There are 2 protein chains.
Amino acid sequence: MDIRTLCLGLLTLRESSGYEIKKAFESELAPFYEASFGSIYPALGRLTEEGLVSRTEQAQEKRPDKKVYRITSAGRLAFLDALAEPPSRDRTRSDFLAILLFADLLPARHLAGLIDERLAAHQSAARQIKSELAATLPAGRRFVLGHALALYEAAIAYVEENRHLVESEALLAKAGPGSGSGSGSGRLTAP
Amino acid sequence: MDIRTLCLGLLTLRESSGYEIKKAFESELAPFYEASFGSIYPALGRLTEEGLVSRTEQAQEKRPDKKVYRITSAGRLAFLDALAEPPSRDRTRSDFLAILLFADLLPARHLAGLIDERLAAHQSAARQIKSELAATLPAGRRFVLGHALALYEAAIAYVEENRHLVESEALLAKAGPGSGSGSGSGRLTAP
DNA sequence: GATTAATATATCGAAATGATATATGAGGGC
DNA sequence: GCCCTCATATATCATTTCGATATATTAATC
């Protein structure tokens with residue numbers, strides 16, 4: 001599922017300019033997909049060449065001119081084919097977790113600051129999703145938004161309950177098997 | 001936090017060949033970071049040029065020769081500097097969620113198959129993490145593994161409780177505000 | 001009057017992926 | 001014995017994507 005295919009998908013929802021596609025990535029696909037202008041504009045160019053979208057230049061008052069893209073019927077068919085392909089597995093990159101893996105190399109107060117910022121960012125993201133969920137939404141959008149919210153809430157709960165593992169000064173101690181993670185009390189004990 | 005820096009970090013744990021670094025990405029950094037040989041080998045070459053690691057060719061019996069990399073003291077300092085940098089935000093790409101966003105374009109039985117595979121994969125991943133957590137681990141590793149487990153379990157619970165949102169045949173209906181997601185019963189209702 | 005933010009398109013170097021090539025040895029199936 | 005697959009080991013390369021940068025207009029803020 002490359003950016004080109006996702007642009008096509010967003011154009012099934014509404015006609016858009018490249019700039020509006022970028023905003024749609026942020027409002028519809030975030031936080032489980034992102035794209036930069038550097039990939040969106042070439043993707044739209046290629047889709048136009050392939051005849052999967054059409055382009056119309058549109059002059060605007062008080063704003064720069066824009067190029068509006070509309071999906072063609074060939075484009076709709078191509079997107080349905082792409083949707084039926086088996087999904088590739090999720091990919092995640094988290095600097096936060098990479099840093100915490102090396103927690104024993106960092107002072108506890110630095111870790112505490114990192115964790116506080118993480119919690120604040122996730123709480124803010126969760127609040128925003130909740131306000132979006134208050135509206136009427138298509139089923140797919142509601143499902144993926146709720147999914148994102150569930151993961152943010154789980155991450156917040158986990159970090160709050162287990163931050164002591166990396167913040168304790170006794171970081172030289174190796175942690176043995178604890179209470180069994182999220183399945184039980186949710187708290188991993190360090191003996 | 002690029003692959004080069006992460007290679008340096010893994011070399012603070014033990015000396016390794018490029019091949020072993022790849023395995024360390026899978027065993028230590030997965031599932032929140034990954035790297036391919038195509039990025040690891042060039043990264044190790046660059047680290048060697050910069051004097052942050054040293055390279056020793058090591059002949060082996062019954063196995064191909066390998067090049068063993070060791071972090072230098074300059075390398076340790078450079079890694080500590082990199083660790084202190086503010087983390088960039090998490091990036092995720094999920095084909096599964098992208099497809100589900102367009103659930104109304106797919107037949108319910110296809111969606112059911114996708115979701116069943118997703119649940120099986122996540123359950124398998126969760127089981128594997130649980131078995132790893134049974135051993136004695138450094139605090140950082142225990143924290144990030146537990147984090148991964150908590151997210152897998154939250155995703156499984158969410159999908160099991162909310163799959164009806166996308167599987168129901170009445171996909172033309174727009175879902176209004178429900179019970180409030182994970183905060184309450186965990187189930188989003190479609191009126 | 002200056003700076004920041006939003007709208008709008010585009011390019012480019014650098015980073016990373018995923019596939020492929022090459023080579024050796026071990027183990028299993030037939 | 002022969003073939004295939006898997007594990008070990010290094011390396012390259014086309015393609016994809018990111019992130020920064022450039023350019024231009026209008027509105028708002030300071």
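Because the structure is a prediction, the values reported are computed rather than measured.
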- Query: Considering heavy-atom distances to DNA chain C, does B/R4 or A/S39 have its closest nucleotide positioned more toward the 5' end?
  - Reply: A/S39
- Task: Ignoring backbone atoms, test whether B/Q60 places a side-chain nitrogen or oxygen under 4.0 Å from the OP1 or OP2 oxygen of D/dT8.
- Result: no
- Query: Base, sugar-phosphate alone, or nothing: which one does B/S17 contact when heavy atoms must sit under 4.0 Å apart?
  - Reply: sugar-phosphate
- Query: To the nearest angstrom, how far is B/D65 atom CG from D/dT10 atom P?
  - Reply: 9 Å
- Query: Under a 3.5 Å cutoff on both atom distances, Watson-Crick or G-U, what's the dot-bracket for DNA chain D ([ ] crossing, | other strand)?
  - Reply: ||||||||||||||||||||||||||||||
- Does the side chain of A/Y33 come under 3.5 Å of the side chain of B/R93 through a donor N or O and an acceptor N or O? no
- Calculate the interatomic distance between A/F37 atom CZ and D/dA22 atom P; express it in whole Å. 17 Å
- Task: Please report, rounded to the nearest Å, how far the P atom of D/dA11 is from the NZ atom of B/K22.
- Result: 16 Å
- Between A/R70 and A/T56, does any side-chain donor sit less than 3.5 Å from a side-chain acceptor? yes
- Side-chain donor-acceptor contact under 3.5 Å, B/T12 with B/R76: no
- Message: Nearest whole Å is fine: how far is D/dC18 P from A/D95 CG?
- Response: 15 Å
- Message: Checking contacts here: which listed nucleotide (D/dT10, D/dG19, D/dT16) is nearest the side-chain heavy atoms of B/K67?
- Response: D/dT10
- Query: Given atom CD of B/E15 and atom P of D/dA9, what is their separation to the nearest angstrom?
  - Reply: 13 Å
- Query: Heavy atoms under 4.0 Å, any strand shown: does B/R91 hit a base, just sugar-phosphate, or nothing?
  - Reply: sugar-phosphate
- Once you round it to whole Å, what is the distance between C1' of D/dT10 and CD of B/E20? 13 Å
- Message: Does a side-chain N or O of A/Y19 approach OP1 or OP2 of C/dT7 to a distance below 4.0 Å, or not?
- Response: yes
- Query: Tell me: CD1 of B/I40 to P of D/dT10, nearest whole Å?
  - Reply: 11 Å
- According to a strict under-4.0 Å criterion, is B/R93 in side-chain N/O contact with OP1 or OP2 of D/dC18? yes
- Note on the structure: Closest of D/dC18, C/dA8, C/dA15 to the B/R46 side chain is C/dA15
- Query: Would the A/F102 and B/F79 ring centres measure less than 6.0 Å apart?
  - Reply: yes
- Describe, in one word, how the ring planes of B/Y41 and B/F37 are oriented to each other, choosing from parallel (under 30°), tilted (30 to 60°) and perpendicular (over 60°). parallel
- Is the closest side-chain heavy-atom distance between A/L29 and A/L10 below 4.5 Å? yes
- Does B/K23 make a side-chain N or O approach to OP1 or OP2 of D/dT8 shorter than 4.0 Å? yes
- Message: Is the phosphate of D/dT10 approached by B/Y41 (side-chain N or O, under 4.0 Å from OP1 or OP2)?
- Response: yes
- Item | salt bridge (Lys or Arg N to Asp or Glu O under 4.0 Å) between B/R14 and B/E20, intermediate numbers included | CA-CA 10 Å; B/R14 72 193 73 86; B/E20 287 161 346; over 6 Å; no
- Query: Which is true for A/G18 with a 4.0 Å heavy-atom rule: it touches a base, it touches only sugar-phosphate, or it touches nothing?
  - Reply: sugar-phosphate
- Query: Over how many whole Å does the gap from B/D2 atom CG to C/dT17 atom P extend?
  - Reply: 11 Å
- Message: Membership question, hydrophobic clusters at under 4.5 Å side-chain separation (ILVMFWY): are B/I71 and B/Y19 in the same one?
- Response: no
- Query: Of the nucleotides C/dT17, C/dT9, D/dT12, which has the atom closest to the A/K66 side chain?
  - Reply: C/dT9
